[in-house]
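Working notes, beginning with the structure itself.
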Amino acid sequence: MSALLSVKDLRIDFVDRGRVTNTPVRGIDLEVGHGEIIGVVGESGCGKTLTGLAVLGLLPGGATATGSVLLDGGDQLAPNAANRRGEDVSIVFQNPGTAFNPVFTIGAQLRNVVRRHRDFTKREEDAHILNYLTLVQLPDPARAAASYPHELSGGMLQRAMIAMALLCEPKLLILDEPTTALDVTVAKQILELVLDLQRQFGFSVLLITHNLGIVHDICDRVAVLYAGRVIELGETAEVLKSPKHPYTQGLLDALPGNRDPNMPLAAIRGTVPSNLLGITGCAFADRCPLVIDECRRIDPALLESTNGHADACIRTVRA
Amino acid sequence: MAHHASRRWLEVIPNPIARASRARPLGRMLVVRVLGTLGILLVLSIIVFSMLHLAPGDIVKNLLGNRPSSPDAVAAIRAQYHLDQPLYMQYLIWLGNTLTGDFGQSIRLQDSVANVIGARLGITASLSGLAFLLAVIVAIPLGVQSAVRSGSWIDRFATGFGIVGLSAPTFAVGLLLLYGFAFYVPIFPVYGSGDGGLDTLWHLVLPAITLALGLGAIILKLTRTAMLRELESDYVTFGRARGLPDRQVHLIALRNAAIPIVTGASLVLTFLVGGTVLAETTFALPGLGTLLQGSVLFKDIAVVQALTLLVAVTIATIALLADLAYIFLDPRIRAKEGAQ
């Protein structure tokens, strides 16, 4: 069965007056199967969100993408990708407080989307919107629809945003840090809701997060991004249990639960390079505790070691 | 189905109870504003009255001109205009008359102030209205386009237009337009207000453009800035991510940008008050601006007082309308007003 989403050698360049100023995404390969939940993890600035936007065909001004992004056979880098947004692919953003327009009611904003994609009568629109607001378990859907964004809590807004994203039954739902702006208990409820809806509708999920805990809880597979590349990819359980790449290992060590509570948390020293132009060798070399001379010369490719588990470290012993 | 019982759910105001609780503070706000405006008018009238008395010049001399005057004639004039009374009595007499709707007599024009102002109000109102309309019609679409196509030739043109409009003095623009389009290429009349109707409108075109240039430049800047900010906000990206076409996204952003634009444009309207004096003088229009200028020079207190109050009332009304528009446009402000 062919994948629903197939990203091949995606590069995103920022161009200013004909000159490439930065390349935040440097050749990403990623496939998302039908009904699969895949996690994309990494620090800020590793290209997660840009990859998500490229899948939507919504790159910011000044950014150009090369490679290919095929969603159900449709080219998302083509100018007509706008037609599939909201219809085939949808996104839930990090901050529900700013993603809704403050001067329109939630209902009016949902209606805009239904109008764009469906040929419903006003009554059918009402029913459709209420149906989805009920699906996301908003306590009083009719009231929520009549509310302005500032009248709802963050958790309620995030539910409304999920309803909005699912209105036209997309095949792929992108969740960009969906719980970062919420407190822990609400975040848990939102994730449970997403899982629940995913089982019900069978859409695929591309979950962008920096939180390995969330990945562990809901993702089938995980792709670890560093400096605009996938550096480790595999089944969630397998990657979290036996990480191959030192960066993934570092991320896991930095989790509080994985350490002796009396010890200080382990942090990966240094920061992500802010500009990725002209990097030779492994981009992680400067921060890697296990760096060897070859790391700075050889550009490591993402290679499979065991069944479905791949990583981009030249030190990994492969069969 | 649940939605049957709650068909009203898309309406702006969710239920009648909320409507009532929002209407009451609105009424209170109106009362406070009107009372505040009345207070400002009172203080303003005292200040203007005293300032005119402090200014050099003598009304009696202005009236009698260079003719030799007898002490009797001077005394008669002083008595007729209550100039023999102490200053505070003069003010109180004026205040008493004004409160009963009598704005007094213009010493200079020998007519009632109501007549004098009434005869000139139309010209100034038409001029200001036309200028404002021109400014809004040109500046808002141009501002939106220059924000949407930021950095394009249209944006650069708009920026240039804004700089010229903001920095060119009104009288200079007026003279330039007169020279260009009334003298060199005689399309428009040189001076005066015409014979009413379309002819007057024709006479008002150049002065209105003169005023609209400065006004439009400010509205253009406001629109561009507000639009740029809205276009960068999350909800615009979110809207596009839902598949909304660009045109609709821009309209929605303009709806949000309307909040700062309306506030700004209303403030700018007050700029018209000073502007009309210059434009009316340049184009020799018999409006309130020239009337104010003449009356101040002549120390025609009654006219100056009435004009000052008229301007103050106009500005207060515009500010109030802007605040109401704000409440109408922004549900967050509406909620805050309701909570107070």
Side-chain angles (χ1 to χ4, degrees), chain A residues 52-53 56-58 60-61 82-105 107-113 115-117 122-123 125-131 133-134 140-151 161 164-165 167-168 174, chain B residues 1-15 17-19 22 148-152 228-249 251-260 262 326-336 338-339:
Chain A
L53 290 177
L56 278 166
L58 249 192
N83 299 336
R84 284 185 294 273
R85 288 204 288 270
E87 180 80 44
D88 287 348
V89 56
S90 219
I91 188 168
V92 169
F93 281 130
Q94 174 177 151
N95 191 341
T98 56
F100 280 103
N101 188 325
V103 307
F104 295 101
T105 59
Q109 296 186 53
L110 267 72
R111 184 187 293 280
N112 271 339
V113 179
R115 281 240 169 102
R116 168 79 175 88
H117 298 288
K122 193 164 184 300
R123 254 178 109 124
E125 285 172 9
D126 287 1
H128 190 73
I129 292 168
L130 265 171
N131 188 15
L133 288 176
T134 315
D140 187 349
R143 199 190 160 87
S147 301
Y148 287 98
H150 69 265
E151 295 170 326
M161 183 142 56
M164 194 161 173
L167 273 178
C168 298
I174 301 174
Chain B
M1 273 293 283
H3 74 273
H4 232 66
S6 45
R7 288 263 298 284
R8 289 175 292 103
W9 60 268
L10 257 191
E11 284 175 21
V12 175
I13 292 162
N15 59 56
I17 299 166
R19 194 190 310 244
R22 278 170 189 173
V148 169
R149 287 177 234 285
S150 167
S152 68
L228 274 179
R229 198 176 48 223
E230 296 302 329
L231 287 175
E232 273 169 17
S233 56
D234 279 4
Y235 71 81
V236 164
T237 316
F238 190 53
R240 297 179 61 206
R242 300 277 78 78
L244 298 186
D246 279 355
R247 212 186 133 66
Q248 192 179 356
V249 169
L251 277 176
I252 290 174
L254 182 61
R255 166 70 176 74
N256 288 56
I259 298 163
V262 165
Y326 212 85
I327 291 174
F328 172 75
L329 286 171
D330 193 338
R332 289 163 298 181
I333 304 288
R334 216 177 300 155
K336 217 180 280 171

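Only heavy atoms go into these numbers, but all of them, side chains included; no hydrogens, no water, no symmetry mates. Numbers restart at 1 for each chain; the letters A, B, ... are given by sequence-line order, proteins then strands.
- Scanning for side chain to side chain contact (heavy atoms under 4.5 Å, CB included) contacts around B/Glu232 gives an empty result, with sequence neighbours left out.
- Of all heavy-atom pairs spanning B/Pro331 and A/Pro102, the tightest one is CG-O, 3.3 Å.
- Residues satisfying the salt bridge (Lys or Arg N to Asp or Glu O under 4.0 Å) test with B/Arg149, not counting sequence neighbours, are none.
- Of the atoms belonging to B/Gln248, it is side-chain heavy atoms, and not backbone ones, that fall under 4.5 Å from chain A.
- The part of B/Leu329 that comes within reach of chain A is its backbone (N, CA, C, O), which places non-hydrogen atoms under 4.5 angstrom from that chain.
- Below 4.5 Å, heavy atoms of chain A meet heavy atoms from B/Asp234, B/Tyr235, B/Thr237, B/Phe238, B/Arg240, B/Ala241, B/Arg242, all part of residues 233-242 of chain B.
- Only the side chain of A/Leu58 comes within contact range of chain B, with heavy atoms under 4.5 Å apart.
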### Task
Could you go through the side chain to side chain contact (heavy atoms under 4.5 Å, CB included) check for A/Tyr148 and B/Asp330 one step at a time?
CA-CA 10 Å; A/Tyr148 287 98; B/Asp330 193 338; over 6 Å; no
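- Both the backbone and the side chain of A/Ala165 come within less than 4.5 Å of a heavy atom of chain B.
- Listed here is the closest heavy atom pair of B/Ile252 and A/Asn112: CD1-ND2, 3.8 Å.
- For A/His128, the ring-ring contact (aromatic ring centres under 6.0 Å, His included) test picks out A/Phe120, A/Tyr132, with sequence neighbours left out.
- Scanning all heavy atoms of the two residues, the minimum distance from A/Val103 to B/Arg255 falls at CG2-NH1, 3.6 Å.
- The candidate from A/Gly86, A/Ala144, A/Pro149, A/Cys168 with the greatest count of non-hydrogen atom pairs under 4.5 Å with chain B is A/Gly86.
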